[in-house]
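Note sheet for the following structure.
All figures in this text were calculated on a predicted structure; none of them were measured in a lab.
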Amino acid sequence: MGSSKIDYEKVLNPAQLEAVTTLEGPLLVIAGAGSGKTRTLVYRVARLVETAVAPESILLLTFTRKAAQEMLDRAVSLSDPRCRFVSGGTFHSLANRALRSYAETVGYSRSFAIVDRSDMEEIVRSLIPELRVPKGTPRFPKRGTLADILSKAANLQQPLEKVMLEEYGHFLEFLREIDTLSRLYEQYKKTHQLMDYDDLILNLRRILEHDEEARKNLSQQYRYIMVDEYQDTNVIQADIVKWLAHEHRNIMVVGDDAQSIYSFRGANYRNMFDFSIHFPEAKKVKLEENFRSTQPILTFTNALMSQAHEKFTKCLVTKRTGGERPRLFDTRTAPEQALFVGRAILERIQQGRSLRDCAVLFRAAYHSFELEAELTRQSIPYVKYGGFKFLESAHIKDFLAHLRVVVNRDDAVSWIRILRLVKNVGEGKSQSIMEWMRAGGISPGQLEQWPGIGKRDTGLGQLSRFLGRLSEQDMSPAQAVEKVMEYYLPILKERFDDYPRRQRELDQVISMAGRYKKLRSFLDDLILDPPTSPADLRSQKEHEALTLSTVHSAKGLEWPVVFIIWVTEGRFPPARAYHHPSVLEEERRLMYVASTRAKDELILCYPGQEGAPSWSGHAIPWGGHATSLSTFIRDLPEEVVSHESGSLSSRSERRDWQWRSGNIESKSPDRPSEFSPGERVRHPAFGPGVISKLIGHDKVEVFFRDVGRKLLLLEYTTLEKI
DNA sequence: CATCACGCTGTTTTT
DNA sequence: CAGCGTGATG
C-alpha cells in the first residue's frame, strides 16, 4: 500500500489492526465499550476503499443513520473522498431501498407507504371494534400494549401464544381476540399498501429467501458488508446478513454482548454467538483495551458485569492512569436528587468544566422532568435527547398526511387523518368516504363528488380542490410543502391554542423538504430517520449546553463527566417486578452502557427512600414494589464505588424543595401562606388540580413549559372566584 | 358531529 | 394523579 495516506500500524493497536486488515471472509469483532469500535470501522472502510474496492459495493449497517453518516464523514476526512459513496444506513433503510425495487415479490406495490409506531396504534385502534370484545370487559389491553405484543411476536418470529405466555401472561385470557387482531392487522396493511417497521425487515428477508434474482443482485451489489452494534440485531436481521453474505462471505460484524439493550425489540445478543455457526470459518477478534475511561471507572463497570448471568466478554482495561472512584450518592428522595445534580453541575462549571463536557443519563425520558425544572430555575441551558417523538406529535402528522395521500392513494391511515380535520367530518363520515373512494378508484381531486356530501360540507370541497392541485403537476417537495402549509395553517390555528410553536416546528420540517428531489424520499426519510427533537432540526450547530439523554440515545457517545440518575419507581406487571431476574439483567446492561460513557468522572445518584411513593406522590396501587437503585449497584464494595450521602444539609433547604415540588398535601398545616390571589408564583411541578388544593382556590391560571410529552408547570396565578 | 362528565387503570427504551 | 375510553347530551 505505497499510496496509502494512513500508517495503520501506527494508529491502531494490534487487535484493531487485525480487524481492519482482514478484508476478506467472515469476521466477528467482539468490542468492549470504548475500545475503538467506531474507529476500527472507519479505518476499515478507508482501507477497503484504498485497496480499490468500489465504494458503492461496501455496505455499512448501523443502528441509526446518523451513526453511519458520521463514520463515513470520518473516513472521508481520513483518507479518500470516495468514501462518501459507501452505502450506509440502518437495516430498515436498506430494506426500504430494496423493497422499492422488489416489493412485488412479497405482494406489494412499489409505492407502498411506511407506517410508524403511532400509525400502527391508530390502525389497531380502528380494528378493535371488530374483535367484538364485550364492552366493559375489564383489563383488555390498550392499543399501545396490543401493538407491543404484535410487534414483539413479529420481531421474535414466534407464535403469539408463546410471546404472551412469556411476557404478557396477565393478558392470556384475550389470546383469541389478539390472535384475530393480528390477522386483521396483517390484512389491513396488505389492502392499504402499508408496511410497518417490522414488515420492512421481514419482507427484505422474504425477498432474499424467495427471489433468487433479487438475492443475486443485492449480494452482488454489496460485496463487502459491515454491521455495527450486532448485539442489537434480532433473528430476522441476522438472517438478512446471512443471505446477503452467503456467496461472497465478506462480512464483518461488530458488537458487545454486554451492551445489548434492545431486547424489547426482539434484539438478541446471542446473535453474536450464533455468527460462528452461520459462518464457521469466521475469524474472531477481541478489542479489550479501553481508550475512553479511567481505570477506576472500568473497575466499577467490570464489577458490575461480573454479576451478569450470561456473558462472553472481557474485562475492560486501560493504560490511562489516575482518576477517582465513581461516586454513588443517596439523595434520599427524587426532588432532592434533581437539586443535587443541578448543584453538582454548577460546581463542575466553577471548576472550569464546560457544560458541553457534562451529560446526565437516565432510563426513561420523564425521569429528568424534575431536573429540567431545576435547570430552568438555575438558567442552565440543556439539550435533551430521547423519549419524546417529535415527529409523532399531532400537528406534524396531520401536516405530512396531506402529502402521504398524494404519494400513496391507498394510505388509509393518512386519509382518515386529513378527512377528520375537515369540519363536520368525524369517525363515521371519514370511514364511509374512504370506502367509497377505494371502491370507485376515486382520485383525491374527485373527493367532492362523494354522494353523501351535505350542504354543510364545504370543507370537503376545499380539501378536494386542494388535493387536486397538489397531485396535478409534478411538484418538487419544496413546493408541495408550501402548498400544504397554505391549506393547513388555518386548521392549525383553529385547533391549537399554542399554534405559534407548532407553526415554527412545521417551518422546520418544511425547510428540510428543500433537500429532496422526490416527495417519497422525503417522507420515507422522516419515518426511517426521524429528527429526535425540534432542536435537532435546527442546524446541527453545537450548543454550549448540558446534555440530558436516555441511556438508549446515548449509545456510542462519551463525555468527560457523566451523571446517572436512577429514579425510584414501581414496575408493572407484578410478574416482572423489579426484583425479577430478567428485569435486573436488563437494568444491569443499561447501567453498563450508561457508566461506560464516562471518560473522567462518573457520578451515580438514586433516591434511597425504600418503598417511596413513586407516582404523583401516591403509593403504587398494584402491589408492585418501589425500589431505589437496584441492589447490584448498592451492594458493590467501597473499593469499587464510594457510597456517599447526597442529602441536602439544612432543614430550611429541605422545606424549601418540599413545597416547591408539591410534596405538601393539601391538608397539611404547613401549606405555604405566601400565596395570595392574583399573585404569580413559580412552581415546578404538578397540575392545576394539585395547585388548587394546595392553595385553596379552585381557579388557577397556570404557565407551562414544554418539556416534550409532558408539560412542566413553572408558574401559576390564582384567579378570583367568580 | 362535538363536548363533557365519569370511570378505569397503571413502564420504559427506538427503527 | 392524569390520560384514555365510553356513553350521554347539545
Side-chain angles (χ1 to χ4, degrees), chain A residues 61-67 89-96 114-117 120-121 125 128-129 135-145 148 151 155 170 196-201 229 232-234 236-237 261-267 361-367 385-389 391-392 420 422-430 454 456-457 459 524-525 527-530 532 549-555 567 569-574 576-578 583 586-587 589-590 593-594 613-624 662 685-690 693 709-711:
Chain A
L61 290 173
T62 55
F63 208 59
T64 62
R65 278 203 202 185
K66 211 167 130 208
T90 61
F91 276 92
H92 293 87
S93 66
L94 170 72
N96 185 38
I114 307 169
V115 296
D116 63 20
R117 176 54 196 237
M120 179 182 184
E121 288 184 16
R125 191 194 62 82
I128 288 176
K135 49 191 169 227
T137 305
R139 272 162 228 283
F140 191 76
K142 297 240 163 80
R143 58 188 169 181
T145 312
D148 280 346
S151 181
N155 272 303
H170 50 305
D196 62 23
Y197 287 126
D198 307 330
D199 293 323
L200 285 173
I201 53 167
E229 309 276 15
D232 284 327
T233 56
N234 61 28
I236 311 163
Q237 290 162 322
I261 54 174
Y262 280 88
S263 59
F264 63 89
R265 204 164 105 179
L361 307 182
F362 32 85
R363 187 174 60 79
Y366 73 89
H367 288 165
Y385 297 95
F388 176 67
K389 306 280 182 311
L391 232 64
E392 294 187 2
R420 291 182 60 172
V422 176
K423 273 224 180 62
N424 211 24
V425 177
E427 181 82 38
K429 263 188 208 169
S430 62
R456 294 167 67 205
D457 292 331
D524 284 355
D525 269 15
I527 293 181
L528 294 175
D529 186 23
T532 47
S549 175
T550 59
V551 178
H552 286 88
S553 300
K555 234 179 175 189
V567 174
E569 67 176 355
R571 288 279 198 162
F572 182 88
R576 268 172 73 80
Y578 86 100
V583 172
E586 187 184 316
E587 216 158 70
R589 287 168 195 287
L590 266 167
V593 172
S614 79
W615 257 5
S616 323
H618 285 254
I620 295 158
W622 54 81
F686 301 111
V690 178
K693 267 193 221 157
R709 204 184 290 273
K710 286 214 171 152
L711 296 173

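The residue from A:Arg117, A:Lys142, A:Arg143 that alone fulfils the side chain to side chain donor-acceptor pair (under 3.5 Å) condition with A:Asp148 is A:Arg117.
Position along DNA chain B of the nearest nucleotide to A:Gly428 versus A:Leu528 favours A:Gly428 as the more 5'-ward residue. Of the two residues near DNA chain B, A:Thr64 and A:Glu427, the one whose nearest nucleotide lies more 5' is A:Glu427.
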Could you walk me through whether A:Ser151 and A:Met120 satisfy the side-chain contact (heavy atoms from CB on, under 4.5 Å) test, starting with their C-alpha distance in whole Å, then the side-chain angles of each, then the deciding distance to 0.1 Å, before giving a yes or no? CA-CA 10 Å; A:Ser151 181; A:Met120 179 182 184; 4.2 Å; yes
For a side-chain contact (heavy atoms from CB on, under 4.5 Å) check, start with the C-alpha distance between A:Asp116 and A:Tyr197, then their side-chain angles and the critical distance, and finish with the verdict. CA-CA 7 Å; A:Asp116 63 20; A:Tyr197 287 126; 3.8 Å; yes
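Close to C:dG5, at under 4.0 Å from its OP1 or OP2, lies a side-chain N or O of A:Arg143. Here A:Thr550 reaches the OP1 or OP2 of B:dT14: one of its side-chain N or O atoms lies under 4.0 Å away. Of the side-chain N and O atoms in A:Ser553, none sit less than 4.0 angstrom from OP1 or OP2 of B:dT13.
Atom OH in A:Tyr197 sits roughly 7 Å away from atom P in B:dT15 (whole-Å rounding). In this structure, A:Phe140 places its CZ atom 17 Å from C1' of B:dG10, rounding to the nearest Å. In this structure, A:Glu229 atom CD and B:dT15 atom C1' are separated by 13 Å, rounded to whole Å. Here C:dC4 presents its C1' atom at 12 Å from CZ of A:Arg125, a figure rounded to the nearest Å. Between A:Lys142 atom NZ and C:dG3 atom C1' there is a gap of 8 Å when expressed in whole angstrom units. If you measure from atom OH of A:Tyr262 to atom C1' of B:dT11, you get 16 Å, rounded to the nearest angstrom. Summarising the geometry, the separation between CE on A:Met120 and P on B:dT15 is reported as 16 Å, rounded to the nearest angstrom. Note: CD (A:Glu121) to P (B:dT15) measures 16 Å, nearest angstrom.
Only the C1' atoms considered, B:dT12 is 23 Å distant from C:dG5, to the nearest whole Å.
The A:Tyr366 side chain lies nearest to B:dT12 when the options are B:dT13, B:dT15, B:dT12. The A:Lys429 side chain lies nearest to B:dC1 when the options are C:dC4, B:dT15, B:dC1.
Salt-bridge check for A:Arg125 with A:Glu121: failed, with every basic side-chain N at 4.0 Å or more from each acidic carboxylate O.
No contact: A:Ser93 has no heavy atom under 4.0 Å from any strand. Note on A:Phe63: only backbone sugar-phosphate atoms sit closer than 4.0 angstrom, heavy atoms only; bases stay farther off.
For the atom pair OG1 of A:Thr550 and CZ of A:Phe362, the computed distance is 6.5 Å after rounding to the nearest 0.5 Å.
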